[in-house]
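Data block below; observations after.
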Protein chains: 2
Amino acid sequence: MNILYYHPLCAKSRFARVMLGETNIPFHGKIEEFWNLRDNLIKLNPAQELPILVYEQNSIIGILPIIEFLSDLQDKSYFYGASLIEKAETRRLVDWCIGKFYHEVLAHIVSQKLLIFYDNSKYTDSNLLRHAKNNAKFHLKYFNYLIKTRGFLSGDKITVADFGVASLISILDYLNDINWIEYRELKIWYSILKSRPSFKPLLDDVIAGFIPSSQYKELDF
Amino acid sequence: MNILYYHPLCAKSRFARVMLGETNIPFHGKIEEFWNLRDNLIKLNPAQELPILVYEQNSIIGILPIIEFLSDLQDKSYFYGASLIEKAETRRLVDWCIGKFYHEVLAHIVSQKLLIFYDNSKYTDSNLLRHAKNNAKFHLKYFNYLIKTRGFLSGDKITVADFGVASLISILDYLNDINWIEYRELKIWYSILKSRPSFKPLLDDVIAGFIPSSQYKELDF
């Protein structure tokens with residue numbers, strides 16, 4: 001059986017779970033504490049990061065290789081778009097999502113709000129948290145602008161860029177860190193993304209110690 | 001004419017120049033100070049980063065989209081390898097190179113050694129610089145280990161992972177920040193990469209205020 005090593009708090013793992021849900025590849029999910037990877041997982045990925053997909057005994061390591069692999073494997077042309085120019089725009093936004101948005105927003109919020117909850121020896125750096133929340137506004141405005149202009153993030157059709165941004169946003173939504181009134185188009189778009197069957201497993205996530213926001217599981221919110 | 005917006009100090013731009021050199025796509029290079037992008041370039045790339053390739057009036061933005069685009073455009077199967085599993089391994093290492101190696105080493109060394117030279121108002125953070133140099137040792141050892149085991153970084157054939165790591169390493173070599181005696185296999189491998197015609201433009205780079213190390217331009221060093 002194919003295995004996805006993931007964690008509900010890991011934004012990139014969420015992205016991988018949605019992408020697998022968009023294919024019909026059977027897999028078994030194994031939760032792994034990414035701040036404390038076991039020896040055999042470090043052997044799989046010396047970068048000590050999730051997600052890791054073991055597909056027919058082969059390790060596909062990291063979110064980007066996993067998406068490209070799934071796209072090639074099942075010839076999912078809608079994942080990146082049809083033309084080379086569309087692909088380049090989708091890849092730019094995937095890079096924005098798991099590079100820029102992840103590092104400037106998600107990584108800080110997860111570490112400062114959630115990981116610290118599990119590690120009593122550390123204190124929240126409230127400056128860093130405030131900084132990440134300010135950054136979030138800039139990113140959300142940009143996503144909202146793109147959707148308003150184009151329909152979806154990278155054009156008029158859904159692509160992996162949409163799945164990526166929605167997966168990452170789901171953590172912010174869980175924590176009630178988005179003032180949805182400010183982002184009208186993003187809210188409608190997120191409602192569409194949330195409604196896809198591939199998104200269902202994320203909405204069923206419960207993170208110990210954190211009750212999800214009231215709208216988290218609602219498709220119309 | 002196709003245009004590549006780049007800068008000799010930008011590690012990802014170096015990678016793009018080598019990759020373009022490996023194709024036969026004609027292009028005109030335009031040097032852009034990435035710490036001070038002009039208004040029309042910010043319009044091209046709101047992430048305000050180099051490299052940007054304008055190919056037949058289309059903007060291909062960011063190093064990853066550029067490599068994948070060039071690979072698809074000319075069906076350069078050696079860029080990522082033949083099988084889906086080989087591709088995944090190459091992509092893992094490209095991600096390591098422009099994600100991990102770049103952020104943990106190159107970005108700090110370039111900002112602390114070079115950019116500060118052009119900005120009199122700032123001082124070098126010697127702790128950060130020392131930290132980056134320590135990180136460099138870990139990465140170089142890992143690359144050396146992979147090459148010793150496999151021949152090239154992602155397997156027994158050259159791929160974009162090799163072009164990427166060599167492009168980034170070229171900045172460290174310029175600044176004489178590699179003690180080559182410690183990395184026997186990496187040194188031989190770098191000599192092979194350096195000898196490719198696509199690498200020549202990088203070896204001709206001169207960075208104002210910084211004399212290259214004595215071995216920088218030597219193919220056998």
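Just so we're on the same page: letters track the sequence lines, and every chain starts at 1. Since this is a predicted model, take the numbers as computed values, not measurements.
- Note: A/Tyr190 and A/Trp180 have parallel aromatic rings, judged against thresholds of 30 and 60 degrees for the angle between ring planes.
- Checked against a 6.0 Å centroid threshold, the rings of B/Phe101 and B/Phe143 count as neighbours.
- When A/Glu68, A/Glu49, A/Glu89, A/Arg92 are compared by the number of non-hydrogen pairs under 4.5 Å with chain B, A/Glu68 comes out ahead.
- Only the side chain of A/Tyr142 comes within contact range of chain B, with at least one heavy atom under 4.5 Å from a heavy atom of that chain.
- Aromatic pair B/Phe69/B/Tyr55: centroids less than 6.0 angstrom apart.
- Proximity to chain A involves both the backbone and the side chain of B/Leu73, based on heavy atoms less than 4.5 angstrom apart.
- Interface check for chain A: of the options B/Asn58, B/Asn45, B/Asp95, the most heavy-atom pairs under 4.5 Å are formed by B/Asn58.
- Scanning all heavy atoms of the two residues, the minimum distance from B/Val160 to B/Val94 falls at CG2-CG2, 3.6 Å.
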